[in-house]
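Below is one structure, written out as structure tokens; the observations come after it.
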Number of protein chains: 2
Amino acid sequence: MPLGRPRAERADAKRNRLRLLAVAREMVAEHGTANVTMDALAERAGLGKGTVFRRFGTRAGIFKALLEDEASRFQELVLAGPPPLGPGAGPAERLIAYGRVRIEFLIDNLAVAQAAMERDRGLPVAEVDMTHTHFRMLLARADLGIADLDSLALQLSAALEGPLLLFLSSPQDAEPPAAEIERRLADAWQALIERLFRMDAPPES
Amino acid sequence: MPLGRPRAERADAKRNRLRLLAVAREMVAEHGTANVTMDALAERAGLGKGTVFRRFGTRAGIFKALLEDEASRFQELVLAGPPPLGPGAGPAERLIAYGRVRIEFLIDNLAVAQAAMERDRGLPVAEVDMTHTHFRMLLARADLGIADLDSLALQLSAALEGPLLLFLSSPQDAEPPAAEIERRLADAWQALIERLFRMDAPPES
DNA sequence: CTCATAAACGGACTTCACCCCGTTTATATT
DNA sequence: AATATAAACGGGGTGAAGTCCGTTTATGAG
């Protein structure tokens, strides 16, 4: 069965997809994610609701797309930008730099990131996939004495993103200001990586 | 304003709460979490839908209650049981033991745990609170050279539970059997803690 | 240019979580 | 036992996600 290639997105489909993303961005900017309903989005874009679902599959799908769009340029920096984020620095330095930037990104887009999580189906894979893949690569370069690098990468991904995706409540909870949260998480991340890589002072014994 | 104490749960309320939990457990056992709708649960329990919401607030609330119920005896073991899970062992040993048991518990109750996550509001706090609190206590006992123990506890909680709550897709994905996942995660968790606590071989340099 | 067809479209329809509020009941007090 | 009242109950109502399917349209082939 030759299958043929997926036959390129039809012109109207592409136009509508971009349109919907733009309108969604507007709506998020105006009233936050809460009021982005499928009906409202469809109407404001001048399209049918069926079209919205056809394009994005699910409500979370819209926010995933929004996020990936934002994240793509960041991904380039990671893959080909200047150190310490890009190639050239050691694995630990790159992990630390990645963590800082990723935390900043997630905090800036927290509402969208949380809205991008699927309800029952547990996998916001796309959400995290970039991080996991990158970590696996960096850990392979470092020579830790740990066998299952895949699981370690998964755990570190969770350690980095979990506090924001899982535990932080509503976006503008105001309790601790976002900047404060960002600083604490970034510092803690750095401390964790430094200790894992034994970059801090050795034990006093 | 004296407030008075909350005035004890009324008898009928308690009866209905327990009834609903029992029925919910049955339904989960029979058809998984997906078919536990508020209407179905209410009808099968012979109660009104309003009552279900009054008792549990939200659909996720039901699963949270189910989970806490299961977890309470486990919590006793952690607080007062025999080492290495309970008091008596060192912090690292207790962290490792806790991780093993917690992973097993989460895998056994994965569908419920995932259904217990709130949709938008990012905090399944109850879900994780026990872990976070316990970790903070253990880390305070250990003398790592890390300042922000609160954040570290948060990260470790995420590293332990995130892989299951965030990344693992559908419960019986069958790809890797549950037992295999459990083993890998538990081993990886142990390796992570050992390295953090420098219990493995020191660096060769 | 015409036609065939796969793809996209739209919007009514279904299902479900969650809200509301008039009615009923447990319990404490006399 | 009678009563007051806070709490609990029930189930109809609402809004939004996701489905279905008959209709329309882009596009490649002849």
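We use all heavy atoms of the structure for the numbers below, so side chains are in, but hydrogens, waters and symmetry mates are not. Chain letters run A, B, ... following the sequence lines, proteins first and then strands; every chain starts at 1.
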Could you tell me the separation between the [atom1] atom of [X] and the [atom2] atom of [N], rounded to a whole number of Å?
X: B:L20; N: D:dG10; atom1: CG; atom2: P; answer: 10 Å
X: B:M38; N: D:dT14; atom1: CE; atom2: P; answer: 20 Å
X: A:F56; N: D:dT19; atom1: CZ; atom2: P; answer: 16 Å
X: B:E43; N: C:dC16; atom1: CD; atom2: P; answer: 12 Å
X: B:K14; N: D:dA8; atom1: NZ; atom2: P; answer: 14 Å
X: A:M27; N: D:dA16; atom1: CE; atom2: C1'; answer: 13 Å
X: A:L47; N: C:dC9; atom1: CG; atom2: C1'; answer: 9 Å
X: A:R19; N: C:dA8; atom1: CZ; atom2: P; answer: 19 Å

Between protein and nucleotides 26-30 of chain C, what N or O pairs are separated by less than 3.5 Å?
residue, atom, partner, partner atom, Å
C:dA26, O4', B:R10, NE, 3.3
C:dA26, O4', B:R10, NH2, 3.4
C:dT27, OP1, B:A11, N, 3.0

Report yes if a side-chain nitrogen or oxygen of [X] is closer than 4.0 Å to either non-bridging phosphate oxygen (OP1 or OP2) of [N]; otherwise report no.
X: B:T58; N: C:dA17; result: no
X: B:R17; N: D:dA8; result: no
X: B:T51; N: D:dG10; result: yes

Listed once per pair and sorted, the salt bridge (charged side-chain N to carboxylate O under 4.0 Å, His left out) pairs that draw on residues 70-85 of chain B, sequence neighbours left out: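 For residues 70-85 of chain B: none.
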
With sequence neighbours excluded, tell me which residues meet side chain to side chain donor-acceptor pair (under 3.5 Å) with [X].
X: B:R25; answer: B:D69
X: A:R136; answer: A:D150
X: B:Q190; answer: B:R100, B:E194

Under 6.0 Å between ring centres: does that hold for B:Y98 and B:F135?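 Centroid separation for B:Y98 and B:F135: below 6.0 Å.
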
Going by the rule salt bridge (Lys or Arg N to Asp or Glu O under 4.0 Å), which residues pair with A:R17 if we only count those two or more places apart in sequence or in a different chain?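 Checked A:R17 against salt bridge (Lys or Arg N to Asp or Glu O under 4.0 Å); matches are A:E9.
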
Applying salt bridge (Lys or Arg N to Asp or Glu O under 4.0 Å), can you list everything that pairs with A:R15, at least two apart in sequence or on another chain?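 Salt bridge (Lys or Arg N to Asp or Glu O under 4.0 Å) list for A:R15, sorted by chain: empty.
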
More 5' along DNA chain D: A:G57 or B:A13, using each one's nearest nucleotide?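 Nearest nucleotide further toward 5': that of B:A13.
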
Atom pairs under 3.5 Å, N or O on each side, protein against nucleotides 12-14 of chain C: can you list them with distances?
none

Rounded at 0.5 Å granularity, tell me how far CG in A:L185 sits from CD1 in A:I107.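 Going from CG on A:L185 over to CD1 on A:I107, the span is 6.0 Å.
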
Just grab all the side-chain hydrogen bond (donor to acceptor under 3.5 Å, both in side chains) pairs involving residues 35-51 of chain B, residues at least two apart or on different chains.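 Checked against side-chain hydrogen bond (donor to acceptor under 3.5 Å, both in side chains) - neighbours excluded - the pairs reaching residues 35-51 of chain B are B:E26-B:R44, B:E30-B:R44, B:D39-B:K49.
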
Taking for each residue the nucleotide of DNA chain C with the nearest heavy atom, is it A:N16 or B:R54 whose nucleotide lies nearer the 5' end?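 Closer to the 5' end of DNA chain C: A:N16.
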
